[in-house]
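Letters A, B, ... are given to chains in the order of the sequence lines, protein chains preceding strands, and every chain is numbered from 1.
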Amino acid sequence: MTPEPATDAAALLLGWYDRHHRDLPWRISPPMARKGAVADPYHVWLSEVMLQQTTVKAVKAYFQKFLALWPTVGDLAAADTEDVMKAWAGLGYYARARNLKKCAEAVVRDHGGRFPDREEELKALPGIGDYTAAAIAAIAFNRRSAVLDGNVERVISRLHAVETPLPAAKPEMRALVHTLTPLGRPGDFAQAMMDLGATICTPKRPACSLCPFRADCRALKIADPETFPRKAPRKEKPLRLGAAFVAIDDCEAVYLRKRPETGLLGGMTEIPGTEWTSRRDGDTSVDAHPFPAPWEPCGTVSHVFTHFELRLSVFRASVVRVSEGGAGAGAAPAGTSGWWEPLDSLKAQALPTVMKKAIAKAIPHAFAAG
DNA sequence: AACTCGGGGCC
DNA sequence: GGCCCAGAGTT
């Protein structure tokens with residue numbers, strides 16, 4: 001009886017992984033995994049959430065910082081949400097940080113502080129979807145779950161020359177991955193597929209001659225592997241315009257406020273500004289000013305979001321803040337809940353990158369080292 | 001099924 | 001300048 005081809009391919013991949021795996025902070029080594037050891041579910045979960053649509057390089061430092069601040073899921077559950085948002089600032093997709101906190105609370109409240117070990121229960125937790133549930137089940141609990149992310153989609157679509165375009169092809173691809181997943185070391189298999197996609201089976205100019213699947217790859221046989229996976233054409237990004245206002249007082253403090261909890265940059269900190277609209281001129285009229293001050297234009301900053309591009313006209317004003325009383329809140333607009341933040345502590349705020357860009361345009365030394 | 005949600009690196 | 005990245009939640 002000859003072995004299943006799938007088993008052969010998985011064995012080839014695991015052999016490749018043993019030789020070429022990357023040493024990452026949230027991983028245990030393949031030798032340990034072969035002895036049946038698994039990584040800490042808290043570490044696996046934290047890394048997988050951070051890695052959603054985010055590169056390994058960007059995640060490393062944040063992962064270490066979070067572990068130092070909150071060593072266990074219980075610590076994170078007990079943390080101040082605002083501190084979590086500050087620690088997450090710069091990593092993007094801020095709903096992940098809000099859901100991270102909610103998930104930690106749910107694990108403590110509903111599961112006694114231990115992550116559940118089944119896909120279904122994991123997927124019921126905030127911020128854990130198809131991919132992350134499968135990844136945690138496989139990597140932290142040795143379950144034979146089908147792990148399908150962007151890397152695996154590329155690998156599996158090339159291996160089988162899947163003609164169906166994404167995202168419609170996902171169920172088909174998940175089934176193919178499930179068939180390929182071995183009984184032993186399913187966690188290493190999943191990570192090996194992702195490593196292969198990240199280092200060999202790359203979007204452009206894949207290194208097919210180094211690939212453990214080179215003898216089995218349908219795309220390599222019949223077509224150009226680079227043309228997989230097939231994808232539906234995406235629509236273009238519109239341009240939005242707006243104005244942002246950097247007020248600096250006589251104590252070198254900048255006026256900040258908090259954005260609404262939901263929506264774009266939800267729960268993060270910002271400088272005052274206009275709505276971001278599609279009008280060609282942008283709204284930089286007096287009506288747009290957050291409060292009366294000698295506003296002076298100091299240039300524009302551009303920033304690209306997932307579904308639109310933003311061009312912000314930045315204005316700066318030096319204001320003298322009256323210390324006491326109603327007039328003191330002062331220069332600030334009535335009915336808003338902003339605050340004055342000293343330049344020294346600006347870096348520690350929950351400021352998204354676009355806001356840092358705008359502040360730096362108005363105050364070039366705002367984020368200077370030291 | 002289509003949108004909304006960041007930011008950075010690479011080509 | 002476009003594409004991609006260990007995707008999830010909402011509508």
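- Taking only side-chain nitrogens and oxygens, His303(A) never comes nearer than 4.0 Å to OP1 or OP2 of dG6(B).
- Put simply, the side chain of Tyr93(A) and the base of dG6(B) share a donor and an acceptor less than 3.5 Å apart.
- Computed from coordinates, the Arg174(A) CZ to dG7(C) P distance equals 13 Å when rounded to whole Å.
- Gln52(A) and Tyr131(A) share no side-chain donor-acceptor pair at under 3.5 Å.
- Residues Arg240(A) and Glu275(A) are not paired through a salt bridge, judged by the lack of any N-O separation under 4.0 Å between the basic side chain and the carboxylate.
- No hydrogens or angles considered: a donor-acceptor pair under 3.5 Å links the side chains of Thr54(A) and Arg96(A).
- dG7(B) atom C1' lies 15 Å from atom CG of Leu351(A), rounded to whole Å.
- For Arg98(A) and dG9(C), the shortest distance from a side-chain N or O to OP1 or OP2 is not below 4.0 Å.
- Spacing between dT4(B) and dA6(C) at atom P, rounded to whole Å, works out to 25 Å.
- In this structure, CZ of Phe308(A) is placed 7 Å from P of dC5(B), rounded to the nearest angstrom.
- Closest to the side chain of His307(A), out of dG6(B), dA6(C), dC5(B), is dC5(B).
- Nearest-nucleotide positions on DNA chain B for Thr262(A) and Arg205(A) put Thr262(A) closer to the 5' end.
- The six-membered or imidazole ring of His307(A) lies away from that of Phe305(A), with a centre-to-centre distance of 6.0 Å or more.
- Judged by atom type and distance alone, Thr55(A) does not reach the base of dG9(B) through any side-chain donor-acceptor pair under 3.5 Å.
- Between Trp45(A) and Phe115(A), the ring-plane angle classifies as tilted under the 30° and 60° cut-offs.
- Across all strands, Arg27(A) comes closer than 4.0 Å to base atoms (heavy-atom distances).
- For the P atom pair drawn from dG6(B) and dT11(C), the interatomic distance equals 16 Å after rounding to whole Å.
- Nucleotide dC5(C) holds its C1' atom 9 Å from the CG atom of Asp149(A), rounded to whole Å.
- Within 4.0 Å of Pro167(A), counting heavy atoms only, lies no atom of the nucleic acid at all.
- We find that OH of Tyr131(A) is positioned 11 Å from C1' of dC5(C), with the value rounded to whole Å.
- Rounded to whole Å, atom P of dG2(C) lies 13 Å from atom NZ of Lys204(A).
- The interatomic distance linking Tyr17(A) (OH) with dA6(C) (P) rounds to 14 Å, in whole Å.
- In this structure, Leu24(A) reaches the bases: a heavy-atom distance under 4.0 Å links it to at least one base atom across the strands shown.
- The nucleotide whose nearest atom lies closest to any side-chain atom of Leu264(A) is, among dC3(B), dA6(C), dC5(B), dC5(B).
- The side chain of Arg234(A) places an N or O atom within less than 4.0 Å of a non-bridging phosphate oxygen (OP1 or OP2) of dC4(C).
- If you check every strand for non-hydrogen atoms under 4.0 Å, Trp26(A) touches a base.
- Residues Arg144(A) and His178(A) have side chains that bring a donor and an acceptor to within less than 3.5 angstrom of each other.
- With hydrogens and angles left out, the side chain of Thr54(A) and the base of dG8(B) share no donor-acceptor pair within 3.5 Å.
- DNA chain B is contacted by both Gln53(A) and Lys57(A); Gln53(A) maps to the nucleotide lying nearer its 5′ end (nearest heavy atom per residue).
- Residue contacts shown for Ile128(A) are limited to sugar-phosphate atoms, with no base heavy atom under 4.0 Å away.
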Next item on the list: Tell me, with the steps shown, if Tyr17(A) and Arg19(A) meet side-chain contact (heavy atoms from CB on, under 4.5 Å).
Entry: CA-CA 5 Å; Tyr17(A) 184 66; Arg19(A) 295 188 299 277; over 6 Å; no
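- In this structure, the NZ atom of Lys357(A) is 10 Å from the C1' atom of dG8(B), given to the nearest Å.
- When heavy atoms are screened at a 4.0 angstrom cut-off, Thr132(A) is found touching the sugar-phosphate backbone but no base atom.
- Counting only heavy atoms from C-beta on, Phe305(A) has its side chain closest to dG6(B) among dG6(B), dG8(B), dG9(B).
- Nearest-nucleotide mapping onto DNA chain C: of Gly197(A) and Leu125(A), the residue sitting toward the 5' end is Gly197(A).
- Spacing of C1' atoms, dT10(C) relative to dG7(B), comes out at 22 Å, to the nearest Å.
- Of the candidates dC4(C), dG7(C), dC5(B), the closest approach to any side-chain atom of Thr306(A) belongs to dC5(B).
- The side chain of Thr353(A) lies closest to dG8(B), out of dC4(C), dG8(B), dG6(B).
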